[in-house]
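Below is one structure, written out as structure tokens, with a few remarks after it.
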Protein chains: 2
Amino acid sequence: MPVRPARIQDVAAAAGVSVSTVSNVLNRPERVNARTAERVRDAVAALDYVPHPGAAGLRTGHSSSIGLVLPDVANSFYSRIARGAADAAYEHGYALVLCDSGDAPEREQGYLTMLVEQRAVGVVVVPLSADPTRLTRLRERGIPLVLADRAISAQDGCSVSVDDIAGGRIAVQHLLERGARDILVVNGERAIRQCADRHQGARQAVRSRREARLDQVVAKEMTVAYGVEIARRLDDLPDGVFCTNDFLAAGLCRGLGERGVRIAEEVQVVGYGDLDIASFVGTPLTTVRQPVEELGRAAVEMLLDEVEARAEHAHETRVFAPDLVLRDSTRSPSAT
Amino acid sequence: MPVRPARIQDVAAAAGVSVSTVSNVLNRPERVNARTAERVRDAVAALDYVPHPGAAGLRTGHSSSIGLVLPDVANSFYSRIARGAADAAYEHGYALVLCDSGDAPEREQGYLTMLVEQRAVGVVVVPLSADPTRLTRLRERGIPLVLADRAISAQDGCSVSVDDIAGGRIAVQHLLERGARDILVVNGERAIRQCADRHQGARQAVRSRREARLDQVVAKEMTVAYGVEIARRLDDLPDGVFCTNDFLAAGLCRGLGERGVRIAEEVQVVGYGDLDIASFVGTPLTTVRQPVEELGRAAVEMLLDEVEARAEHAHETRVFAPDLVLRDSTRSPSAT
DNA sequence: CGGGCTTCGAAAAACGTTTCAGGCGCGCCC
DNA sequence: GGGCGCGCCTGAAACGTTTTTCGAAGCCCG
């Protein structure tokens with residue numbers, strides 16, 4: 001039986017005080033006498049009163065929900081972002097509205113206008129395209145915006161991302177430390193920013209060692225199948241391979257396995273992303289781990305800082321450092 | 001420069017009509033003359049007016065957000081549910097509030113009260129525990145509830161789930177059809193409802209073939225590692241194995257591989273879940289696919305039916321049928 | 001030509017809060 | 001003893017809609 005929920009007025013009546021006193025007890029307890037406050041709180045409990053944030057928001061102009069727009073929650077990278085964002089939002093008492101644009105720009109747009117309608121207090125976006133003009137509507141409306149996994153010009157808002165250059169660098173540095181000198185980068189399309197960056201990091205690492213050389217082969221898609229294919233076609237074997245994605249790495253290892261090549265002993269392999277597959281695969285992959293949950297969490301926190309500090313908030317571009325997870329694919333059995 | 005958004009009043013002024021007319025144009029266009037309507041719409045466009053659903057909700061009593069409470073978005077099963085739910089919510093114009101309880105009952109509870117506060121129009125819950133008493137608060141408030149992946153007594157609300165008994169049955173039926181007669185079920189803890197159900201399905205399938213027999217071994221955890229372990233310990237080989245989870249299946253295949261057993265030819269293996277790993281693994285796994293996105297989508301749709309139909313809505317328990325994805329682990333190379 | 005009906009549009013109340021401007025009583029100080 | 005300040009509380013307006021009630025035209029038909 002859906003009972004009509006108690007309103008603040010009912011509480012006021014029950015406690016024998018005015019509506020505004022109840023409101024004060026709830027929002028600025030210091031303004032009200034301890035004894036009265038207690039009476040009010042008793043009434044709240046007795047009536048099981050829950051405030052109506054919608055009505056409050058109407059008055060204050062603030063809602064208590066923030067938007068999270070991303071291309072596909074079913075993709076583990078994004079769902080990890082969502083996880084971190086949800087955690088942070090929960091801790092700060094905000095509701096997180098999940099907007100899955102499903103790789104469709106018009107849907108991304110639709111979500112943005114929905115968030116404008118809802119008067120979302122701010123939005124975290126993992127944008128579909130590099131072109132940020134779509135986001136101007138938010139900006140016009142004065143809704144704070146944090147971009148994730150993509151840079152934004154500093155005057156327009158905050159952004160969070162993972163340092164892919166550093167990721168490429170530590171991957172290849174590790175290969176170098178483990179003695180590899182003839183290193184191959186198995187990369188995705190260079191048009192993808194992440195791929196270009198990771199390659200650039202790899203080059204940086206190699207540059208510090210005179211005797212090392214770096215090659216690159218580009219896979220059309222970053223899938224296991226293409227990894228296998230590339231392994232089959234390899235003419236002379238490198239002694240270290242850096243795959244810019246774990247799928248490629250997994251495929252490469254399998255392909256090399258088919259050729260009788262021993263991973264780690266003959267060819268050391270480093271992947272990227274620390275996807276589930278990296279640890280499940282025949283020889284578990286050494287790989288670059290990205291603090292993705294942190295990304296989501298930080299995005300929300302920067303957003304809320306902007307929301308709450310308003311005036312003295314300075315836009316910030318926060319870049320997270322990836323690290324390396326050591327597994328068997330770069331650890332020959334002889335080693336400890 | 002955060003411009004104060006246009007209100008309905010501004011639109012009315014601009015169009016030279018009253019506030020109520022604007023409202024009517026927006027909500028019940030049939031009530032207003034086409035010419036006036038057009039003028040109003042022009043004004044709306046000119047002022048870039050977006051209605052404030054919070055204010056509307058205040059008046060109508062309905063909000064336009066629905067809650068999705070689940071244990072962990074980063075888990076692919078749940079994130080797929082979220083995907084389906086987000087799709088459905090978007091199509092119906094509702095905002096989906098993501099509530100990740102992170103396996104913590106008190107947090108689940110916290111989210112539920114938050115949803116009550118927000119006057120969510122309804123909630124889809126994938127509950128942490130089988131005990132549904134926690135959900136009574138929602139019920140008391142008259143907030144419709146749909147349970148996902150867990151049954152609910154029909155008078156209390158709708159629920160959606162996947163038929164695990166059928167899943168076990170088709171898995172083992174397939175093994176039988178492919179000639180297996182000595183079948184092993186590699187299962188998880190029998191306390192887990194899914195595991196018990198899948199095993200029951202397996203038994204049903206075997207019962208239809210007199211000459212077939214079914215064994216079971218229980219893994220402490222449903223991980224790749226335990227799968228490997230079980231394969232190593234196996235005394236006499238079955239000719240068909242049904243693993244109630246793809247991780248176990250992947251591990252089992254690897255373990256059997258180590259022993260020189262040829263998958264598919266000597267032992268046919270079926271997994272469960274169609275996780276990413278199933279297709280990436282050395283011999284791609286035949287596995288039971290669950291229509292998880294559909295689950296999420298259906299949950300939201302049933303919820304909205306209850307919300308919108310109210311009186312004539314009948315609670316429903318919808319059970320989805322899984323199907324089989326055929327891959328190499330049950331297809332000997334000789335076969336087509 | 002007039003009456004009733006239809007069609008449109010307007011005015012105003014209501015939704016549940018917050019907040020601002022006071023107001024009331026009490027104690028303190030002179 | 002009176003004025004003043006302070007602590008505590010109240011009344012009322014405002015937030016942006018929807019919806020109900022009602023009035024004003026215009027039309028058809030007799």
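Among the heavy atoms of the strands, none lies under 4.0 Å from A:P53. Contacts of A:V50 with the nucleic acid, taken as non-hydrogen atoms under 4.0 Å apart, involve only primed sugar atoms and P, OP1 or OP2. Within 4.0 Å (heavy atoms only), B:R35 reaches no atom of the nucleic acid at all.
At distances below 3.5 Å, at least one donor-acceptor pair connects side-chain atoms of A:D100 with backbone N or O atoms of A:V73. Panel note: side chain A:S64, backbone A:Y94; no donor-acceptor pair is recorded below 3.5 Å. With hydrogens and angles ignored, the 3.5 Å screen pairs no side-chain donor or acceptor of B:S65 with any backbone N or O of B:V97.
Here B:S18 does not reach the OP1 or OP2 of C:dG9: none of its side-chain N or O atoms lies under 4.0 Å away. Under 4.0 angstrom from either OP1 or OP2 of D:dG7 there lies no side-chain N or O belonging to A:N33.
In terms of heavy atoms, B:P53 sits closest to A:Q118 at CG-CA, 4.0 Å.
Separation of atoms CD1 (B:I8) and CG (B:L47) is listed at 12.0 Å; rounding is to 0.5 Å.
Rounding to whole angstrom units, CG of residue B:N27 and C1' of D:dT17 are separated by 9 Å.
Residues A:V307 and A:I66 have side chains not in contact (no heavy-atom distance under 4.5 Å, counting atoms from C-beta outward).
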Dump every N/O contact between nucleotides 12-15 of chain C and the protein below 3.5 Å, one line per pair.
from, atom 1, to, atom 2, distance (Å)
C:dC15, O2, B:R59, N, 3.3

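Mapping A:A6 and A:R31 onto DNA chain C by nearest heavy atom places A:A6 closer to the 5' end of the strand.
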